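Input: a single structure, listed below in structure tokens.
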Amino acid sequence: MDRTSIIFCTSSVLASLAVAWIAFPFAALDRATIEAARTPQPAELMDDVDVGQGFGKLPVIELMGYYVENPPVVEAGAAAAPELKFGGC
């Protein structure tokens with residue numbers, strides 16, 4: 001590689017790092033939000049969930065109760081869902 005290419009590559013990497021260094025504080029969450037996300041919350045305190053399709057908003061505790069009473073059924077002999085992978089071009 002010639003000198004111009006090396007200078008261009010080095011300056012491109014340094015410029016990218018500078019932009020990331022400057023933009024990170026604007027994109028990062030504050031510590032209070034991170035701690036709130038790590039702390040479990042009782043279902044009674046959570047907001048209602050809009051399930052749509054005419055059902056409207058339902059409390060989380062009601063959704064959990066329905067799931068416990070009616071777990072998902074896996075049919076015997078049914079093939080497992082295929083794992084989707086990105087194949088590229």
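Computed from a predicted structure; not experimentally measured.
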Exercise. Flag the pair Val51 / Leu63 as yes when at least one side-chain heavy-atom distance between them is below 4.5 Å, and no otherwise.
Key: yes
Exercise. Report yes if some heavy atom in the side chain of Leu58 is under 4.5 Å from a heavy atom in the side chain of Asp48; otherwise report no.
Key: no
Looking only at heavy atoms, which two atoms of [X] and [Y] are closest? And how far apart?
| X | Y | value |
| --- | --- | --- |
| Thr39 | Glu35 | OG1-O, 2.8 Å |
| Gly56 | Asp50 | O-OD1, 3.3 Å |
| Val60 | Asp47 | CG2-O, 3.6 Å |

Practice problem: Working to the nearest 0.5 Å, report the span between SG of Cys9 and CG of Leu14. | Solution: 11.0 Å
Quiz prompt | Separation between CD of Glu44 and CE of Met64, rounded to the nearest 0.5 Å | solution = 8.0 Å
Exercise. Return yes when atom CG of Asp2 has more than 12 non-hydrogen atoms of other residues, nucleotides or ligands closer than 6.0 Å, and no otherwise.
Key: yes
Quiz item: Is the CE atom of Met46 crowded by more than 12 outside heavy atoms at less than 6.0 Å?
Solution: yes
Quiz item: For Phe8, does its backbone N or O pair with a side-chain atom of Ser11 as donor and acceptor, under 3.5 Å?
Solution: yes
Quiz item: Under 4.5 Å between side-chain heavy atoms, hopping through other hydrophobics if needed: is there a path connecting Val49 to Phe55?
Solution: yes
